Amino acid sequence: AVETPETAARTDHVYLEAPQADITLEDGSWIALTANEGFYTETDGMLDLVGTVNMYHDNGFEIHTEEAEVAMNSGSASGDVPVDGQGPFGTIKSDSGFELEDKGAVIRFLGKSHLVIFDSALKGKS
């Protein structure tokens, strides 16, 4: 964390250089976040990440984008720039961003999206 002139005057704001976070959820699963830069606002629990933003969930899902806003109190996140992701099922790219709810239980990819499903994800399915 780095104190800047803006954060020195507003002590509820913290500038983060190369932030990294490992978060354990109530169910025991974990989420890891990294970015080039971040800005955390303590009063509302908002974390704004910019630069190469990477989010990983221990169930095998990952999301990569250039900007994301994380609501730490509610476990939601969103971004409105292109995003790509992957998981055990396949890969996805979206040109307009994403919305993540309920600590990753629901992820929506916005705008024009392209999904590739791995053959292995379909085996045994009808």
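Computed from a prediction, not measured in an experiment: that's the story for all the values here.
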Pairwise distance NE2(H64) to NZ(K93) - rounded to 0.5 angstrom: 9.5 Å
N/O donor-acceptor pair under 3.5 Å between T65 side chain and V53 backbone: no
Closest approach of G75 to L100 (non-hydrogen atoms, all atoms of both residues): O-CD2, 3.7 Å
Separation between CH2 of W30 and CG of D58, rounded to the nearest 0.5 Å: 5.5 Å
Verify same cluster id: F89, M55 (apolar side-chain graph, 4.5 Å): yes
Any donor-acceptor N/O pair, D95 side chain to G111 backbone, under 3.5 Å: no
Co-membership, hydrophobic cluster, residues F61 and I31, 4.5 Å side-chain: yes
Same cluster (ILVMFWY, side-chain, under 4.5 Å), I63 and I23: yes
Interatomic distance, E66 atom CD to N36 atom CG [nearest 0.5 angstrom]: 7.5 Å
Heavy-atom side-chain proximity of L122 to I117 below 4.5 angstrom: yes
Within one Ile-Leu-Val-Met-Phe-Trp-Tyr cluster: Y56 and L47, side-chain cutoff 4.5 Å: no
Pairwise distance CG(L115) to CD1(I92) - rounded to 0.5 angstrom: 5.0 Å
Single-linkage hydrophobic cluster M46~F98, side-chain heavy atoms < 4.5 angstrom: no
Heavy-atom side-chain proximity of E67 to D80 below 4.5 angstrom: yes
Shortest non-hydrogen contact between P88 and F118, atoms and distance: O-CD1, 3.6 Å
Enclosure of D119 CG (heavy-atom neighbours >12, cutoff 6.0 Å): no
Student check: side-chain heavy atoms of L49 and P19 closer than 4.5 Å: yes
E101/R108 under side chain to side chain contact (heavy atoms under 4.5 Å, CB included): CA gap, chis, key distance, verdict: CA-CA 9 Å; E101 295 177 1; R108 287 183 201 84; 2.8 Å; yes
Non-hydrogen side-chain atoms of L110 and E99 separated by less than 4.5 Å: yes
